[in-house]
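Working notes for the structure below.
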Protein chains: 2
Amino acid sequence: MQAAPTTDWIAADWGTSNLRLWAIGPGGAVFAERSSAEGMGGLAPDQFEPALLRLAEDLLPADRVTPVLICGMAGAKQGWIEAPYAQVPCPPAGGGAPVLAPTEDARLSVRILPGLCQSGPADVMRGEETQIAGFLANEADFDGTLCLPGTHTKWVRVAGGQVLSFRTAMTGEIFALLGQHSVLRHSLSADGEADEEAFDAALATGFAAPAALGMELFSIRPASLLEGLAPAAATARLSGLLIGAELAGAQDFWQNRDVVVVGSPRLTRRYIAAMERLGGTARAAQNPELALSGLKAAQLLPQG
Amino acid sequence: MQAAPTTDWIAADWGTSNLRLWAIGPGGAVFAERSSAEGMGGLAPDQFEPALLRLAEDLLPADRVTPVLICGMAGAKQGWIEAPYAQVPCPPAGGGAPVLAPTEDARLSVRILPGLCQSGPADVMRGEETQIAGFLANEADFDGTLCLPGTHTKWVRVAGGQVLSFRTAMTGEIFALLGQHSVLRHSLSADGEADEEAFDAALATGFAAPAALGMELFSIRPASLLEGLAPAAATARLSGLLIGAELAGAQDFWQNRDVVVVGSPRLTRRYIAAMERLGGTARAAQNPELALSGLKAAQLLPQG
């Protein structure tokens, strides 16, 4: 650990379940990357500073103050300190001033980036806005849609360096809840949904008739009981129905637009393939570390 | 307990969570009604007979065999003994022969009614078919739709004394899962969804744009965070969105048809009001004990 003296600042993505951070040295080089499972969901406000020190204390020079810039749920009302949402349309970073978090250790100066909010329809994001800023750092003139699939999939219209509007779909969370807790769990496979044919057929059904979603979902159970639907095919069908219905609801975001998908490799492939099956086009973001890029971009902005 | 000698037979509705039974005496009169929480979900096959005896042994005459006729999940593959599904179109009772369950007590002769199944689209029911038979016992010429809301809402086309087709929607189970486990749980009220205005607005939204369901559901959370949406209104919105989307998918079942709703008083009122808001008409079943009526009707059929 000879690295500590070279830390200029620390970038951190502090989500509900995880904390990831990068130590940035001279010239903007990352010389250490760390992560822990001490996400915002398990921490009271006064537990954030100790959790940060547990992960990064050896990276702090003793003789000066190290800036720490954080994005994500650490800025929620139940987090370290609330960083009020900036309202769209606005730039994804810099739409609102970072908020100084209370600290006791004299070596720390911690700021948290605000999330974004929208009214009519009401929506919020925390963390994704920094990934969007990271994407725009490489494609400043992007005019299209970013799709960030996950527990809560974000569909984000971006142009002129600004987030214009966005919507969140609960697809990932509903998939997990139905798979873990509903009557369908008896019919599913725990370890995969690799049946592409079953996925494609269900995708088309979910897209063509989203109103029937609640019935098509139940139908997985009798198809398994009566027709021997295999667990992997059942899981693929569940995924396909939900993503198909989501893509029907999100058509204004992806049809006839430049669409970039930002997510895990598996979900990114799945969403791109789904849009292509339904007549759209989409591509994956080139840079896998968009949160870090966004934090770097935000660090360069004039301090609010 | 002077009743035992008068038992002609016992009718039982044995669901996943509960067992209800009625002792029937001379002239078809019910002289005892019992229930327990020993549902099929918690019983291994050899535990059904002891559970039945715990609830009903004092109702059995000592000197002869008492027939017991059961409907519901006791006839599932994981139940007492599997009573294979009868395939629609068929009468709701009598479409398949009751199955004799294995018993050790010489006073018992137990038969379980089959459920109904459908292929293309695949669907199943167990227990509801007996409620339908009970309804037809009073309205033999009914030509219309029965709606049985609950954890899994059944929409059932009935004419000429037969079940023609049916679909199951997961509305109730999804409502419960989202309310108990999802991010929305922070915004909801545990004890009610009495905000009729919020329900009606969400019903219209869910019905008009079912494709946007996954986004409208998430929107409850930011509406609570940003706009102070009250917990009771949030819960009503969740219910309205889900029922509105369900009614969009079930239009062929309820539009321009005679619709009878069979369920708890609260759900029955809610579904009738919802269909009326959306331009349909519906009425509640007059007889609150449809399972019992259906078991009585099935008991009169020639033994298969």
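In the text below, chain A, chain B and the rest are named by the order of the sequence lines, each starting its count at 1.
The cationic atom of Arg270(A) (NZ for Lys, CZ for Arg) lies less than 6.0 Å from the six-membered ring centre of Phe199(A) and within 45° of the ring axis.
Other residues, nucleotides and ligands contribute over 12 non-hydrogen atoms within 6.0 Å of the CD atom of Glu227(B). Summarising the local packing, CZ of Arg257(A) is surrounded by more than 12 heavy atoms from other residues, nucleotides or ligands at distances under 6.0 Å.
No side-chain heavy atom of Lys154(B) sits less than 4.5 Å from a side-chain heavy atom of Ile132(B).
Proximity to chain A is absent for every atom of Ala176(B), based on heavy atoms less than 4.5 angstrom apart. Looking at Phe207(B), there are no atoms closer than 4.5 Å to chain A (heavy atoms on both sides), in backbone or side chain. Proximity to chain A (any heavy atom under 4.5 Å) is shown, for Thr171(B), by neither the backbone nor the side chain. Neither the backbone nor the side chain of Gln251(B) comes within less than 4.5 Å of any heavy atom in chain A. For Leu177(A), the parts lying under 4.5 angstrom from a heavy atom of chain B are both the backbone and the side chain. Using a 4.5 Å cut-off between heavy atoms, Ala209(A) makes no contact with chain B at all. Interface remark: Ala223(A) contributes backbone and side-chain atoms alike to the contact with chain B (heavy atom separation under 4.5 Å). Heavy atoms of His181(B) lying under 4.5 Å from chain A belong to its backbone as well as its side chain. Only the side chain of Gln78(A) has a heavy atom closer than 4.5 Å to any heavy atom of chain B.
Side-chain atoms of Gln118(A) come within 3.5 Å of backbone atoms of Phe166(A) as a donor-acceptor pair (strictly under, hydrogens ignored). Checking side-chain atoms of Thr235(B) against main-chain N and O of Leu188(B) turns up no donor-acceptor pair under 3.5 Å. The closest donor-acceptor contact from the side chain of Arg126(B) to the backbone of Gly75(B) lies under 3.5 Å.
Between Phe48(A) and Trp14(A), the ring-plane angle classifies as tilted under the 30° and 60° cut-offs.
Ranked by heavy-atom pairs under 4.5 Å with chain B, the first of Ile174(A), Val183(A), Leu225(A), Leu178(A) is Val183(A). Interface check for chain B: of the options Ala250(A), Ala248(A), Ser219(A), the most heavy-atom pairs under 4.5 Å are formed by Ser219(A).
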